[in-house]
Amino acid sequence: MTEPNPAEPASKNFIEVEIEKDFASKPQLAGRTVATRFPPEPNGYLHIGHAKSICLNFGLARTYGGTCNLRFDDTNPSKENDEYVQSIMNDVRWLGFEWSNLHYASDYFGQLYDWAVQLVRDGKAFVCDLSFDEMRAYRGTLTEPGKNSPFRDRSVEENLDLFERMKKGEFADGTRTLRAKIDMSSPNTNLRDPVMYRIMHAHHHRTGDAWCIYPMYDWAHGQSDSIENITHSICTLEFENHRPLYDWFCQNLGIYHPRQMEFARMNLTYTVMSKRKLLQLVNEKHVEGWDDPRMPTISGLRRRGYTPESLHLFCDRIGVARFNSTIDVIILENSIRDHLNSVASRYMAVLDPIKVVLTNYPDTTEYLDAVNNPEDESTGVRQLPFSKELYIEREDFMETPPSKFFRLKPGGEVRLRYAYIIRCEEVVKDADGNIVQLNCTYDADTKSGSPNATERKVKGTIHWVSAPQAAKVKVRLYDRLFLNDHPEDAPEGKTFLDNINPNSIKVIDAMVEPALAKLEIGARVQFERNGYYCVDTKDSKPGAPVFNRIVTLKDTWAKISAKS
RNA sequence: UGCCCCGUGGUGUAAUUGGCAACACAAGUGAUUUUGGUUCAUUUAUUCUAGGUUCGAGUCCUAGCGGGGUAGCCA
C-alpha cells in the first residue's frame, strides 16, 4: 500500500516509548519482538474508532517487525454472531492489514475452564449462589467496602463439585457464578471477588451448545493474551481499572504475563461512536444500514469513498495519548482530500445546470484536450466534446454579483475550462422571472492551448459540459449526519436523534461529461471545482452510475461570500 | 463521595527525560494558479492555578482547580 505524504519520522507515541523500554530491560522479552492483537467483540460493525486501534496494533507489529493477531472476543453468545465476524475481517483487510494468526477467545474455553479449576483447588475461587440483586448489595459502593459472600468459605471439594455441575448444565441461568476470591474491601471494585463465569444456556456462534457457562471478559482476555504470547496488550482507557485484575489472574495462575497498556479512545465531532447508538441508527432506520455512507463505520466510510490510505493518514495525524480528546471531523475530511487530490482523475460535472448558448459558435462539435490530473502528468489528457449548447453551474452566474465575484455576470467574461473565454450577452427568463438560459458569445482566439490563449486574462474559470453529449446521472450529496458538533449534547427531553441533520442526504440528477457514465464501480474521481465523488458499489448499474459525494473541495469563495 | 487516570497554541500531538516550547492540522493574511482546488510564504502560547526544589521546571515536590473512568452475571 502506498502511504500518501509519509509523515517524516514522526516522534514516538508513549506506547512505542514504553515498548522500547520493555524490550531493553525485561529479561522475559529477550530475543522476542513485539506481539500485539486486535481483539474486537463480534457484536457490531467496526467504526473509525476501531480503525485507530487497528492502525495502532497492526502498525506496531509493522514498525517493529513483530506480529499482530486478530482475536474475536466472543465470550458473550447472546450478542455475537458470524455476520459481524465476517465484516470485521473484511474491514481489517481493507485497511491493508493481515493478521499473523486468527483466534477466537472461544477456542480457549477448555483451557480457561482448567485454569478456573486450578484456582478453585488453590482456594482462590469459589462458587457463589448469590442472586444478581444480592451480589450487587454485597459489593458495596464506591465509598463503602463490600461484604464477603456467605458462600465464600465453601470447601474446595464442594466448589469443585458445584463448578463441574454448573458446567454440566444442572443449574438455571443466573443462579450461580464462579468468583475469584480477592478482596471485598478493595477500593478498586473490580477486585471485589469478580465473577469469572456465569451460567448462560445460549447457543454460541462457534462452540454451539457445548457450553452453558461462559467466561467474563476479565477472566478471558488476559489469559487469551497469555496463551498467544502477546507482549503488549493495548486497550482503551476504561479498562485501566481492570489492569490490577488482569495482573492478578496471570500472577495467581503462574502463567506468562503480558503487559496491558491503555490509550484514549477517539471522539469525533458531528458523529456518535458508541455501538449502541450506531445500532439504534440502523434499527430505527435513521440510516439505510451499517454501511450507509453517512455512518462512521468502516464499511460506511468505505462506501462513502474513503480510501484506506486516507484513514491511515488520519490516524497518523491524530496521534495516540492518554488524554480523552475530541477530533475535529475536518481532520478526517482533509485526510481524504489530501489523498484524493494526488490520485483522483478530474472530470466535468454540472450538478445544478443552467443552459448556455454560444450564439456565434458554429453548429459543430469539436474535441478539446483536458488534463486528467494536474498532480500526476502520467495520467495524460482526454478529449472533451464542445459545442454551441452547454450547461454551466447555476451558482456560477449571478445577475447582480458582489464585487469579488469572479464568475459569469451580464456583460462579463469568464473562461470555460479547457475551452474559450465567453461573454454573457443576454439573460433569458421565463414568465416567473426564473433564469432559464444565458446567451453568450465566445472568442475564437482564446482557445485553451493555442499560442495566444493566455494573452487575454479573465479572473474566473468555470466548468461546463456540452449539452448534446452530456449524460444524466444520479448524484447523492452527503453532508454530516448530525447538526451538533457533540450530538450527545441534547436539550432536556431530547436525544442525539433530535440532532440528526435532516439534509444529510440530497439526491439529484446531474449533467456530466460522457466519460463519467462509463466509470467502473467504486471509482473515485474529482468533479472539477466541486468535490470528490465515488461510484457507489451497491446502487450503480453498468452505464448508470450513482455517485456518492465523498467530500467537497475546500471552498474559499463560500467563506468570502458568507462574510459579506 | 472512595480509588485510578489526565490537564501544553483554535484542534491533535512533541519536547533528547531538568537545558532556546516543536510538528501536523485548522483559522487569518499575502503570492502563484485556466479548479476560489493544489502549491509557497507568513501570523497565532503567561505549558490549568498557587507555592516549593534548582543556576535553570512543561518536565520534579506540595496543595488546589478542572476533565474523564469506575459500583454488569457487558466488553
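Source: prediction; values computed, not measured. Each chain gets a letter, A, B and so on, in the order its sequence line appears, and its residues count up from 1.
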Enquirer: Parallel, tilted or perpendicular: which one describes the rings of A/Tyr197 and A/Tyr113, with boundaries at 30° and 60°?
Expert: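 Rings of A/Tyr197 and A/Tyr113: perpendicular, as their planes differ by over 60°.
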Enquirer: Could you work out, with side-chain contact (heavy atoms from CB on, under 4.5 Å) as the rule, every residue matching A/Asn159, not counting sequence neighbours?
Expert: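 side-chain contact (heavy atoms from CB on, under 4.5 Å) list for A/Asn159, sorted by chain: A/Val120, A/Phe126, A/Val127, A/Arg154.
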Enquirer: If you take the centroid of each ring, where Trp contributes its six-membered ring, are A/Tyr84 and A/Tyr45 closer together than 6.0 Å?
Expert: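 Here the rings of A/Tyr84 and A/Tyr45 have centres that are less than 6.0 Å from each other.
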Enquirer: Between B/G9 and B/U49, how far apart are the two P atoms, rounded to whole Å?
Expert: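 Comparing P positions in B/G9 and B/U49 gives a spacing of 10 Å.
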Enquirer: Which residue, A/Val465, A/Val350, A/Ile462, forms the side-chain contact (heavy atoms from CB on, under 4.5 Å) with A/Ile392?
Expert: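 The single option meeting the side-chain contact (heavy atoms from CB on, under 4.5 Å) with A/Ile392 is A/Ile462.
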Enquirer: If a pair means Watson-Crick or G-U wobble with both distances below 3.5 Å, what does RNA chain B look like in dot-bracket form, with | marking bases paired to a different strand?
Expert: .((((((..((((.....[..)))).(((((.......)))))....(((((..]....))))))))))).....
Enquirer: When the distance from CD1 of A/Ile421 to C1' of B/U34 is rounded to whole Å, what number comes out?
Expert: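 Rounding to the nearest Å, CD1 of A/Ile421 and C1' of B/U34 are 9 Å apart.
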Enquirer: Between protein and nucleotides 7-10 of chain B, what N or O pairs are separated by less than 3.5 Å?
Expert:
none

Enquirer: Tabulated below should be each protein N or O lying under 3.5 Å from an N or O of nucleotides 73-75 of chain B; please produce it.
Expert:
residue: B/C73; atom: OP1; partner: A/Arg139; partner atom: NH1; Å: 3.3
residue: B/C73; atom: OP2; partner: A/Arg139; partner atom: NH1; Å: 3.3
residue: B/C73; atom: N3; partner: A/Gly174; partner atom: O; Å: 3.2
residue: B/C73; atom: N4; partner: A/Leu130; partner atom: O; Å: 2.7
residue: B/C73; atom: N4; partner: A/Phe132; partner atom: N; Å: 3.4
residue: B/C73; atom: N4; partner: A/Gly174; partner atom: O; Å: 3.0
residue: B/C74; atom: OP2; partner: A/Arg198; partner atom: NE; Å: 3.0
residue: B/C74; atom: OP2; partner: A/Arg198; partner atom: NH2; Å: 2.9
residue: B/C74; atom: O3'; partner: A/Arg198; partner atom: NH2; Å: 3.1
residue: B/C74; atom: O2'; partner: A/Asn76; partner atom: ND2; Å: 3.0
residue: B/C74; atom: O2'; partner: A/Lys79; partner atom: NZ; Å: 3.3
residue: B/A75; atom: OP1; partner: A/Thr75; partner atom: OG1; Å: 2.7
residue: B/A75; atom: OP1; partner: A/Arg198; partner atom: NH1; Å: 3.2
residue: B/A75; atom: OP1; partner: A/Arg198; partner atom: NH2; Å: 2.9
residue: B/A75; atom: OP2; partner: A/Tyr217; partner atom: N; Å: 2.9
residue: B/A75; atom: N6; partner: A/His242; partner atom: NE2; Å: 3.2

Enquirer: Would you mind telling me which residue lines up with the more 5' stretch of RNA chain B, A/Asn334 or A/Thr326, judged by nearest nucleotide?
Expert: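 Result of the comparison: A/Thr326.
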Enquirer: For A/Phe38 and A/His50, take the angle between the two ring planes, folded into 0 to 90°, and tell me which bin it lands in: parallel under 30, tilted 30 to 60, perpendicular over 60.
Expert: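 Rings of A/Phe38 and A/His50: perpendicular, over 60°.
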Enquirer: Any pair with a residue in residues 42-55 of chain A that passes salt bridge (charged side-chain N to carboxylate O under 4.0 Å, His left out), sequence neighbours left out, goes on the list, sorted by first then second residue, please.
Expert: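 As it turns out, there is no salt bridge (charged side-chain N to carboxylate O under 4.0 Å, His left out) pair with a partner in residues 42-55 of chain A once direct neighbours are skipped.
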Enquirer: With a 6.0 Å cut-off on ring centres, are A/Trp115 and A/Phe249 close enough?
Expert: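 Centroid distance A/Trp115-A/Phe249: not below 6.0 Å, so no.
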Enquirer: Under 3.5 Å, which protein N or O atoms sit close to an N or O of nucleotides 35-37 of chain B? Give each pair with its distance.
Expert:
residue: B/U35; atom: O2; partner: A/Gln526; partner atom: OE1; Å: 3.0
residue: B/U35; atom: O2; partner: A/Arg529; partner atom: N; Å: 2.7
residue: B/U35; atom: N3; partner: A/Gln526; partner atom: OE1; Å: 2.6
residue: B/U35; atom: O4; partner: A/Arg346; partner atom: NE; Å: 2.4
residue: B/U35; atom: O4; partner: A/Arg346; partner atom: NH2; Å: 2.9
residue: B/G36; atom: OP1; partner: A/Arg529; partner atom: NE; Å: 3.4
residue: B/G36; atom: OP1; partner: A/Arg529; partner atom: NH1; Å: 2.5
residue: B/G36; atom: O3'; partner: A/Thr556; partner atom: OG1; Å: 3.4
residue: B/G36; atom: O2'; partner: A/Thr556; partner atom: N; Å: 3.3
residue: B/G36; atom: O2'; partner: A/Trp557; partner atom: N; Å: 3.3
residue: B/G36; atom: N7; partner: A/Arg407; partner atom: NE; Å: 3.0
residue: B/G36; atom: N7; partner: A/Arg407; partner atom: NH2; Å: 2.8
residue: B/G36; atom: O6; partner: A/Phe406; partner atom: N; Å: 2.8
residue: B/G36; atom: N1; partner: A/Lys404; partner atom: O; Å: 2.9
residue: B/G37; atom: OP1; partner: A/Thr556; partner atom: OG1; Å: 2.4
residue: B/G37; atom: N2; partner: A/Glu375; partner atom: OE2; Å: 2.8

Enquirer: As an exercise, state the distance from CE of A/Met266 to CG of A/Asn324, rounded to the nearest 0.5 Å.
Expert: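 Nearest 0.5 Å value for the CE-CG distance: 12.0 Å.
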